[in-house]
Amino acid sequence: MNANISAEALLENLDEEQRQAAESLIGPTCILAGAGTGKTRTITHRIAYGIARGYYAANRVLALTYTNRAAGELRSRLRQLGASGVQVKTFHAAALSQLEFFWPQFAGVPAPQVLESKAKIVADAANELKIKLDTAAIRELAAEIEWRKYSMLDLDGYAAVIDKRPKIAGIKPEQNLALQALYEENKVKSQRLDWEDVLILTLGMLRAEPLALSHVQQQYRFFTVDEYQDISPLQHALLDCWMGDHTDLCVVGDPNQTIYSFTGATSEFLRNFESRYDDAKVLQLTQNYRSSQNIVDAANRIVADSSATDSLRSISDKGDSVCVSSYATLAEEAKATAAAIREQIDSGTKPNEIAVLYRVNGQSEVFEAALTEAAVEYQLRGGERFFNRPEILRAMTAIRAEANSAGRPDKSTFEVVTDICRSLGWTSREPDHAGAERDRWESLSSLISMLDEMPEGSTVAQFAAELDERKRSQHEPVKPAVTLSTIHAAKGLEWSQVFIVGATEGYLPIGYATTPAEIAEEKRLFYVAVTRAKRKLSISWSKRDGNSARDREPSRFLGLLG
């Protein structure tokens, strides 16, 4: 939007459920949004509509997410709707900005720096205590530290529940406690914070300093929380602090997509929303715009025993049947998957419309090898950051310099950007071979393609600012390649064709999931995987893999598909 779009025009392309949600502007509002029902569209139109109607001042709206990518997507859509003044941040970014602003005022020194990773301090603590931890165990312990802090447990509180927690790499509970205590001690000595500390210290500061709390509560008046089923007790305590006595809160989420309990996330706040607010409005989005009817039917069957939301309804045709395949060996499964992908690409499907999803990172290697052999280009989610690539850094520097100069009024922004990319080796003709040259060409082509997402008539300076913002929020362009990803990392994304591989007992559900609650979460994870697919869904498993001396069994969840 631009400022010319009227309030009513903002509602024209919403369905009846979305429109009701968008018109619910004041007071506590809970939107239960099933997979593919347009939740991002709904909440961005709701915010823009509230501003257009005069209910909200844009600079007093705070929209909160959990990932930088989600924040970037929300920010981009709000800008298109004319609501660029809205603050869109992750919980961590919002807390960090407050901590960095207030800390010097109350402590007299700059706020401590945030750790890039816990790994080194955890590893050093283990060495100091003469406890052997490999890389995977270090990651597990770091994740356990996060769970403890998100659950608002100090070390004494954690000690009281440690016997109910999963074992970390076989170490004893007392070793776990000693490691976490030494981690905290060494972190303080290094004058560093971890990301959970940012939330904890911000919460403590606001509770202890009335002036700071008053400042924040006057700055923000209207709150929207995306993916509310993923909120932790710590994040919720901070949200309550920010809101104070106000109740203008809109939350959107799906209990069936609660898959981060291991990090301290809980859907209880979403499920109990009505009991927290007497005047709460609870609305549902059930019209699925993403997937064919056959895929939606499969998804509904997976969560049929959940009373949290109504069943999804697809607006699409029935589409292809869900395909379930079994193989004698993992190598055969990988080869068949690669061949099917090769066939789809050869018949016209774009590579970036295809994804291979699996439960854990260790499952990807054999599929990477099979795709390479089939001459299929792929990308691993979580690989090299687009904005850290040398050619992109150089291009951004040149674009920034151009934006700060007198400019070239005789050339459009597109011409300026393509000229810069040509100076870095880009050509309008695609290289006909793989390698570093093609990688550079694809990176620069992706940079140029971002111009299509800018409002018409955007200047070089505006494009430079957009690139800086996208780098900060890790809002990266889509690469023309098949995506390989864990199911957790695929949440929030979608593809025309999805291959769910390795669907066996021990992987899906994962072997260490034994309690009813853990199995239920694994089933929700399967639901998330299924609902990533738009048109085609293939699920496969193999009896024998390279690491097992005995046959595997198909996932119990396959029996739910019908």
Using only atom types and a distance under 3.5 Å, with no angle test, would you say the side chain of [X] pairs donor to acceptor with the backbone of [Y]?
X: Q217; Y: S214; value: no
X: Y49; Y: A9; value: no
X: R19; Y: L14; value: no
X: N294; Y: K318; value: yes
X: D248; Y: G27; value: yes
X: T90; Y: A93; value: yes
X: R290; Y: K534; value: no
X: T202; Y: A95; value: yes
X: E17; Y: T286; value: yes
X: T44; Y: T40; value: yes

Could you check whether atom [atom1] of [X] has more than 12 heavy atoms from other residues, nucleotides or ligands sitting under 6.0 Å from it?
X: D278; atom1: CG; answer: no
X: Q113; atom1: CD; answer: no
X: F262; atom1: CZ; answer: yes

Any ion pair linking [Y] and [X] (charged N to carboxylate O, less than 4.0 Å)?
X: D197; Y: R192; answer: no
X: D226; Y: K39; answer: yes
X: E23; Y: R46; answer: no
X: K118; Y: E196; answer: yes
X: E184; Y: K149; answer: yes
X: D230; Y: K491; answer: yes

Are the side chains of [Y] and [X] in contact, using a 4.5 Å heavy-atom criterion?
X: S458; Y: F463; value: no
X: N352; Y: W495; value: no
X: L357; Y: V501; value: no
X: L206; Y: V216; value: yes
X: V498; Y: K536; value: no

Between side-chain atoms of residues 524-533 and protein atoms elsewhere (two or more places apart, or another chain), which donor-acceptor pairs fall under 3.5 Å?
from: R524; atom 1: NE; to: T258; atom 2: O; distance (Å): 2.7
from: R524; atom 1: NH2; to: T258; atom 2: O; distance (Å): 3.3
from: R524; atom 1: NH2; to: E521; atom 2: OE1; distance (Å): 3.1
from: T531; atom 1: OG1; to: Y527; atom 2: O; distance (Å): 2.9
from: T531; atom 1: OG1; to: V528; atom 2: O; distance (Å): 3.1
from: R532; atom 1: NE; to: V528; atom 2: O; distance (Å): 2.7
from: R532; atom 1: NH1; to: L493; atom 2: O; distance (Å): 3.0
from: R532; atom 1: NH2; to: Q257; atom 2: OE1; distance (Å): 3.4

request  = Begin with the C-alpha distance, continue with both residues' side-chain angles, and end with the deciding distance and a verdict on side chain to side chain donor-acceptor pair (under 3.5 Å) for R535 and Q497.
outcome  = CA-CA 6 Å; R535 303 302 303 168; Q497 175 150 12; over 6 Å; no
inquiry  = In this structure, is the centre-to-centre distance between the rings of Y66 and F91 below 6.0 Å?
reply    =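 Centroid distance F91-Y66: below 6.0 Å, so yes.
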query = Please walk me through it: do E146 and W195 pass side-chain contact (heavy atoms from CB on, under 4.5 Å)?
reply = CA-CA 9 Å; E146 290 173 15; W195 278 110; over 6 Å; no
I need the minimum non-hydrogen distance between [X] and [Y], along with the two atoms involved.
X: I392; Y: L447; result: CD1-CB, 4.2 Å
X: M243; Y: L249; result: CE-CB, 3.6 Å
X: L283; Y: S24; result: CD1-CB, 4.2 Å

key: Stepwise side chain to side chain donor-acceptor pair (under 3.5 Å) check, Q98 with E100   = CA-CA 6 Å; Q98 292 170 23; E100 290 179 336; over 6 Å; no
request  = Take F273 and Y277 through the ring-ring contact (aromatic ring centres under 6.0 Å, His included) test and state the conclusion after the steps.
outcome  = CA-CA 7 Å; F273 191 84; Y277 300 101; 5.1 Å; yes
inquiry  = Exactly one of R41, H45, Q18 should register a side chain to side chain contact (heavy atoms under 4.5 Å, CB included) with N13. Which one does?
reply    =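 Filter result, single survivor: R41.
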message = Taking side chain to side chain contact (heavy atoms under 4.5 Å, CB included) as the criterion, tell me which of I295, I315, L312, N300 meets it with N288.
response =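 It is L312, the one option of I295, I315, L312, N300 that forms the side chain to side chain contact (heavy atoms under 4.5 Å, CB included) with N288.
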message = Using the rule given for salt bridge (Lys or Arg N to Asp or Glu O under 4.0 Å), can you reason through D305 versus K523, listing the C-alpha separation, both sets of side-chain angles and the distance that settles it, and then say yes or no?
response = CA-CA 11 Å; D305 59 348; K523 186 164 70 169; 3.0 Å; yes
task = Return the set of residues passing ring-ring contact (aromatic ring centres under 6.0 Å, His included) with F106 (not counting sequence neighbours), or none when no residue passes.
result =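 Partners of F106 under the ring-ring contact (aromatic ring centres under 6.0 Å, His included) test: none.
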Verdict with supporting geometry, I51 and V86, side-chain contact (heavy atoms from CB on, under 4.5 Å) = CA-CA 10 Å; I51 294 169; V86 172; 3.6 Å; yes
query = Yes or no on ring-ring contact (aromatic ring centres under 6.0 Å, His included) for H246 and F222, after CA distance, side-chain angles and deciding distance?
reply = CA-CA 8 Å; H246 298 303; F222 305 96; 8.3 Å; no
task = Determine, stepwise, if the pair S76 / E73 fulfils side chain to side chain donor-acceptor pair (under 3.5 Å).
result = CA-CA 5 Å; S76 176; E73 176 69 18; 5.6 Å; no
message = Working note: Y260 + Q229, criterion side chain to side chain donor-acceptor pair (under 3.5 Å); need CA distance, chi angles, decisive distance, verdict.
response = CA-CA 9 Å; Y260 290 108; Q229 78 279 350; over 6 Å; no
message = Could you walk me through whether L239 and L64 satisfy the side-chain contact (heavy atoms from CB on, under 4.5 Å) test, starting with their C-alpha distance in whole Å, then the side-chain angles of each, then the deciding distance to 0.1 Å, before giving a yes or no?
response = CA-CA 10 Å; L239 175 64; L64 293 158; 4.0 Å; yes
message = What verdict does the side-chain contact (heavy atoms from CB on, under 4.5 Å) test give for F223 and Y220, after you've listed the backbone C-alpha separation in whole Å, the side-chain angles of each residue and the deciding distance to 0.1 Å?
response = CA-CA 8 Å; F223 293 84; Y220 299 122; 3.6 Å; yes
ask   = Where do H236 and Y228 land on the ring-ring contact (aromatic ring centres under 6.0 Å, His included) test, with the steps shown first?
value = CA-CA 10 Å; H236 210 282; Y228 192 62; 5.6 Å; yes
